[in-house]
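Every chain is numbered from 1 and lettered A, B, ... according to where its sequence line falls, protein lines coming before strand lines. The basis for the numbers below is simple: all heavy atoms, side chains too, and nothing from hydrogens, waters or symmetry mates.
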2 protein chains.
Amino acid sequence: MTDERQISKAVIARLPRYYRYLGDLMEEGIERISSNELSARMKVTASQIRQDLNNFGGFGQQGYGYNVRYLYNEIARIIGIDRQHNIIIIGAGNLGQAIANYANFEKRGFMIKGMFDINPRLIGLVVRGVEIRGIDDLEQFIIENEVQIAALTIPKSKAPEIAERLVNAGIKAIWNFAHMDLSVPEDVVVENVHLSDSLMRLSYRVSSMMDERERKEKERLEKEV
Amino acid sequence: MTDERQISKAVIARLPRYYRYLGDLMEEGIERISSNELSARMKVTASQIRQDLNNFGGFGQQGYGYNVRYLYNEIARIIGIDRQHNIIIIGAGNLGQAIANYANFEKRGFMIKGMFDINPRLIGLVVRGVEIRGIDDLEQFIIENEVQIAALTIPKSKAPEIAERLVNAGIKAIWNFAHMDLSVPEDVVVENVHLSDSLMRLSYRVSSMMDERERKEKERLEKEV
DNA sequence: GTTTAATTGTCAATATTTTATCAAATTGTT
DNA sequence: AACAATTTGATAAAATATTGACAATTAAAC
């Protein structure tokens, strides 16, 4: 019986990074690692690593540390990438194609079953073995192919309408690249990738870094006088 | 004189979303808004909105609320998108081109000055008025064009080498789409967009949603018996 | 086989973030 | 012009997240 206390968002957000580092360790041929060593690599506290992992069970061994391969597989199971997920991409522009072309997704169980677009010039084209279809076939395709996840790489203006169609067709999750928040029923997962938000966060940090540099420079000059 | 206490990451992460909603309000022709109304739209507490904004100053007025246009401009100033940022894109594949084609970036002061790639078939092509150049010209271009930000849309394997060249050429920030963490001096900003991490977070949430659904179904059946 | 060193998982202590509360200020109404 | 309704900004309280400490356990050294 699974423990039913809610895992915090922050912990979940860190899991993929742990997974990534464990994958790297495996590639380096490292078989075991302590929270301390991993802490040094990842620049997080060892305590946090142990605390995070213990939300899901005791994967380590005292005096030994963690077995890299075992932990890697356990995290895959926790994240749910040990199962197969069927995914479609809606919007076959550059961004949609970029996602389709990222090979590793398929390695992790995300099978791209189809791509859709409204642009007639794109319909019929084949990207990485996946045909681009007209948006009319959307609902039928989702049901027939047991699609759970839809990547939404279309402009903001079309997003709400398509999101509603996806929900009605029974999609479980939307990977949303449109620059807006979607409103969906609470049993539909929306994971946002708001690139403009990301660029603004970067902008904030650059700006405050520059401000700080200026301030320090000023301080230095004042001291000289 | 600016207040020098550190603004928390969580607050900064929320600013672009406030900015987005304020933009929408302006488009709707709404001139003033209270933290309560905004709270209802954004699905965050009014208290958090007021608290967040007050990190940067008192932009509202008691009994009135916030002037939408004024707050919008103030947030733009805080984020630093009232100034011009020169940006280059390294990696002119689908992802790089998707970014180049997103028009709104330029509206917010991010001027795409150049694109770079190693693929000879791409070099010389023009995307949205920007020529794709060979990677050899990188350093000189950065200096001559006062480039502050580089978007890194290249495979993991090339990322560390290019990142180092960028740093040496004096870049201020890297918008990193490569599926790895870069190590750079602390005065260089790195904003990561790890799409695979994002998809894994989605996967976790879908999986636990499905688990929960199963659990409830089971509970229901047990009750019936 | 015993001892020492290493390391986890857990619990307690800190630190941070979020939410609630309310006096003070402002607007709009009568 | 007085009064009721709003609404902020600030402070306090509550909730959450992170870090530290250490007993229990294991591995490795001797």
Tell me if the side-chain of A/Ser8 makes a donor-acceptor pair with the base of D/dA17, cut-off 3.5 Å, by modelled atom types.
no
Listed nucleotide nearest any side-chain atom of A/Asn54, set C/dT27, C/dG9, D/dT26:
C/dG9
Could you tell me how far apart A/Lys9 (NZ) and C/dT17 (P) are, to the nearest whole angstrom?
16 Å
B/Arg69 atom CZ, over 12 foreign heavy atoms within 6.0 Å
no
Report yes if a side-chain nitrogen or oxygen of B/Tyr66 is closer than 4.0 Å to either non-bridging phosphate oxygen (OP1 or OP2) of C/dT26; otherwise report no.
no
Give the C-alpha distance, both sets of side-chain angles, the deciding distance and a yes or no for salt bridge (Lys or Arg N to Asp or Glu O under 4.0 Å) between B/Lys216 and B/Glu219.
CA-CA 5 Å; B/Lys216 276 186 182 162; B/Glu219 236 167 52; over 6 Å; no
Separation of atom CD in B/Glu37 from atom P in D/dT7, rounded to whole Å:
6 Å
Any donor-acceptor pair under 3.5 Å joining the side chain of B/Gln62 to the base of D/dT8?
yes
Pick base, sugar-phosphate or nothing for B/Ser47, based on heavy-atom distances below 4.0 Å to the nucleic acid.
base
I'd like to know if B/Arg50 reaches the base of C/dT21 with its side chain such that a donor and an acceptor end up less than 3.5 angstrom apart.
yes
Report yes if a side-chain nitrogen or oxygen of A/Arg32 is closer than 4.0 Å to either non-bridging phosphate oxygen (OP1 or OP2) of C/dA6; otherwise report no.
no
Can you identify which nucleotide, out of C/dT19, D/dT26, D/dT7, has its nearest atom closest to the B/Ser34 side chain?
D/dT7
B/Glu28 vs B/Arg41, test: salt bridge (Lys or Arg N to Asp or Glu O under 4.0 Å). Steps then yes/no.
CA-CA 13 Å; B/Glu28 289 178 41; B/Arg41 281 183 176 244; 2.9 Å; yes
With under 30° as parallel and over 60° as perpendicular, where do the rings of A/Phe56 and B/Tyr204 fit, or are they tilted in between?
perpendicular
Quick check: any donor-acceptor pair below 3.5 Å linking the side-chain of A/Gln51 to the base of D/dT19?
yes
With a 4.0 Å limit, can you tell me whether B/Arg14 has a side-chain N or O closer than that to the phosphate oxygens OP1/OP2 of C/dT18?
yes
Respond yes when some side-chain nitrogen or oxygen of B/Ser35 is under 4.0 Å from OP1 or OP2 of D/dT8, and no when none is.
yes
So does B/Gln84 have more than 12 non-hydrogen atoms from other groups sitting under 6.0 Å from CD?
yes
Which whole-number value in Å describes the distance from B/Gln61 CD to C/dA24 P?
18 Å
Return the value, rounded to whole Å, for the distance between atom OH of A/Tyr64 and atom P of D/dA27.
9 Å
